[in-house]
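Hydrogens, waters and symmetry mates are skipped; everything else that's a heavy atom, side chains included, is used. To find a chain, count down the sequence lines: A is the first, B the second, and so on, and within it residues start at 1. Source: prediction; values computed, not measured.
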Amino acid sequence: MAEYLSTWIVEAGWDGWGWLAYLLVALVYAALLLNVIAVGAVVFIWMERKISGRIQDRLGPTRTGGKFGWLQTLADGIKLLSKEDLMPGEADSFLFKVAPYVAFAAGFSAFMALPFSDGWVALHLNIGIFFLLAVLGMEVFGVLLAGYASGSKWSLFGAMRQAAQTVSYEVPLGMCLVIPVMICGTMDLVSIGNQQSGLFTNWLIFHDPFTFMIFWVYFACGIASVNRAPFDLAEAESELVAGFLTEYSGIRWSLFFMAEYGSMFLVSGLAAILFFGGWNGPFPIFGIISEATGWSLESGVFATIARFGGLINFITKGVLGVTVMIWIRWSFPRLRIDQVITMCLKYCVPIAAFCFIGVLFWTGIVMPNVNSMLSIEAPSNHEDYTGRANIREGWVKDVDYTVSQHELSLAKKAGPKVLPEAEDDDAQEGDDDKKDGEQVEGNPDEPKVEVEVNKAAFNNLNNNASQPLLAQQESLSKKGAN
Amino acid sequence: MATAENSQTVEFDVRTDEMLVNMGPQHPSTHGVLRLVLRTDGEVISETTPHIGYLHRCAEKIGENLTPRQWVPYTDRMDYLAGMNMNLGWSLTVEKLMKYDLPDKARHTRVIISELNRIASHLVGMGTYGLDLGSFSPFLYAFREREKILDLLEDVCGARLTYSYITPGGMTADLPKGWTKKCNEFLDQFLPVIADYHALLTTNAIFVKRTANVGVMSAEMAIDYGCSGPVLRGSGVDYDLRRDGEERYTSLYDGYAFEVIVEKDGHYPKDHDYPNVPTDAVLGDSWHRFYVRMLEVIQSMDIIRQGIDFYESATGDWGTPMKISTKLPKGEAYLETECPRGQMGFYIVSDGTGPIPFRVRARSSCFSNLSVAPELCKGILIADIPSIIGSLDVVMGEIDR
Amino acid sequence: MSGEQLIDILKKAFGDKITGQNLEAIDPWIEVSPDGLVEVCKFLRDGDTKLNFLNSICVVDYLETDEKKAKKVTWEPHLEVVYHLSSISSKLTLVLKVMLPRWKDDEPGNIPEIPSVFPVWSTADWHEREVYDLSGVRFTGHPNMRRILCPEDWVGYPLRKDYEMPLEYHGVRGR
């Protein structure tokens, strides 16, 4: 969009104002994502109150905003906004004020790299997981700052617990994320999601027993990373009064809350993408329709509808994850700090390592998957390859031989065609595709064949970063079609 | 500083200061206004000093200015979660001084009512213990059932918390018509609910982790510190005043069949389907104290069932409540009863000059139970404090009096 | 074990430190002199009586403030420290009493002293602090003789019969 706008501005004769387009687009994205967090928090807090109420034989909010208390959170928000801005006398005023924003900004920026549907992502990064993990870890700084700056001993305890907890859960969490990355051969979340298209049996959780196991480890560590019970040690209201939140009130307090609910959705969304096929539903309804009618899934009205469907899929899965977290919170007592560390380092890390090795062997010796065992024919555009692990991104130095061979054969099938030269700002898809493509093209071993994409062979093909050459060609062809 | 001479000292120069932390009097898990001053090194506690008295009303001094009948409401406000048991203790003490014997029907009414209140009290103890450990739902499940008991008690005396129902000489009124049926209905629907509590707390893996082998108190230590009730029995001491107490108190329970809930030869009395003791639990730890309470709930239910049967066929009336102006004989009497939290003792001294006692004393069970806390809370983590204090199940109203 | 037997045993062991008894009372009691208290308690705990459980310590202040009544009373003003003991194993109960003057050396404000039984029963720690706080008896040998229920800067001993509530405490009206 940004590229399109900037050309438009340039064409309109506003030379040198191309950056304006980027700014505008960034603002639009930011506004959209902010609403995801803000509205998400409002909905989740309402949901939490309703669900916890039902769990505990209560009704939860019933009056505000009609029968189900829809507006309870909003009313609470207004109350929080109107509260006096209190700061303890002993607090480090600057850090005390900054801490909620740090926590919130971390959660917020992590949303930038989270795809909500096929290609619907604010910032399409080919290292999406890496970015998410790094930025999610930043949220801890907010907690640490809050605990330190409050000038209260309870807050300090909370912060120290958070530090200890972070050290312990980040290790297994990282190891859990490595496994889908290894299977898919990419860190690009859009690509990982697309590789699980087709039937639900293509979802990574059903890839092999090890991924099934590792999902639970991931979810446990994910709960720990968002400080939810039974890992809410930094808050621990029965031990530390309210931990790092003790001295916070009003809108600053609610910013921490929004960050918490934001990251809850983030962690469940990540789980959905990595293990539950992301925006791909259990049955490829849109793929079937597309095949039957010939409507394109790449562009046009139907593609947009399909992506909306994907968005709904994704949000449903994310909300389900959040619901499970709420359920767990209201069922379990809290662990002790040493038990959390023990659990993460002594149990989760070995399990994750074991699963990593297991998955490595499973994919290495090509064990049967659910599809072949149940003899289901799960249509997927990615089964064309001998295995997911054979795909490599451009940034991996030696491009896998089989991939190039495969591409070569496809190219031969399609037949050579001379293409018009591609201009930089003409590419409509994300620019990392192009970079990958260039890198591959720069590889001397790679046969330089330019092809028109054979649509029949790749009817469902998306802008998959793992097939750089083809992706670029596709985009070019699309441009030709437009 | 880092010279060649003292390079050794530099290495150890990094040290952490011990921190003094005030836990309470306003703290979510200190059950009221208990204040603990913790000396901690990081999360590890090296010393715990309880400070009590924030709820001190000097009820004993008030008792020196009121007649025994007038002082009954003050006993309600000691252990406000088990007002009936407090009333019972005081009434029995005054009756002991007056050498008054109860009619049969009143005896069974007292048993039913005090055991019912014991269930309500244990439900609060159980629920708040879950809350202390971060589990919110069992608390509300407990309060839901407690609410039904309070409804029953409200039917009996009109009050929900401070009953003043049992008074010296008997009861203020008989049980209402049809009440025993209601009570039986409650017991029938309550029994299956206990399985939920066991699932959510007693056998929950995290709960066991948090409580097993935490705050272990040996039997000798428990006796030495004057602990009583479930705290004493949780340490494996076979002592229950309902069986071992004074004649005047145990005679209430004449004819009732019940077994003292205590671990004997590695297992608890098994007359119901209880969950097993987890392997990491050590006798005398927080888990056992909690477990004893849970089993006592069922035990009390059995006693109430028997009591209702006895009540239906009992003779006599609900006693003749002592008049406010009744003159007390000269003498002194001390009596302890088995309250939900332990042995609650009342001591009354009368100089024989009028209806007002010369001296009144209340021996609080929680007072002694809490005095063991500094000993238990040594070298543990901060998170264990709620686990230990909660398992002692203290009520500040009773400690401070 | 009957009361007479116990008194015989105690008198044999401690002689004139057992200063009195009342076996006809509702709760039979034995009076012990302050200097023999700890030894008697140790004997009762470790001997055949096995009175290993200290239920309560309290003080009764025998003073009649009402002048009309004071003429009728038969006793001299004094303090009675009452120890209620019981045994977990033998189900025995016993009341020990120690008589003390209301004020040491008859100087009002100079509170009497009695040896602490903290070495015998740990629970005496808090009970003795409570007695000190409310009734004004100092227990010598107690490791931490501070007020427990009242604030540390409280003046007076509320359970004394001649206690008067202070007019104000830190700006709070007392009466």
Part of Arg144(B) lying under 4.5 Å from any heavy atom of chain A: side chain
Does any heavy atom of chain A fall under 4.5 Å from the side chain of Val214(B), the backbone, both, or neither of them? side chain
Six-ring centre of Phe143(B), Arg146(B) cation under 6.0 angstrom, axis tolerance 45°: yes
Check ion pair Arg252(A)-Asp85(A) (N to O, under 4.0 angstrom): yes
Heavy-atom proximity to chain A below 4.5 Å, by part of Ser387(B): neither
Portion of Leu233(A) that has a non-hydrogen atom of chain B nearer than 4.5 angstrom: neither
Using the benzene-type ring in the case of Trp, are the ring centres of Tyr261(A) and Phe257(A) under 6.0 Å apart? yes
Evaluate the ring planes of Tyr291(B) and Trp287(B), with Trp represented by its six-membered ring, and classify them as parallel (under 30°), tilted (30 to 60°) or perpendicular (over 60°). parallel
Between Val21(B), Asn22(B), Leu200(B), which has the largest tally of heavy atom pairs under 4.5 Å with chain A? Val21(B)
For Lys209(B) versus Gln339(A), what's the shortest heavy-atom pair and its separation? O-NE2, 3.0 Å
Which bit of Tyr141(B) comes within less than 4.5 Å of chain A, counting heavy atoms only: side chain, backbone, both or neither? side chain
Find the one option among Asp232(A), Asp338(A), Asp57(A) whose heavy-atom pairs under 4.5 Å with chain B are most numerous. Asp57(A)
Interchain contact, Ile385(B) with chain A, by part (heavy-atom threshold 4.5 Å): neither
Look at the rings of Phe275(A) and Tyr218(A) and say which category their plane angle falls in: under 30° parallel, 30 to 60° tilted, over 60° perpendicular. tilted
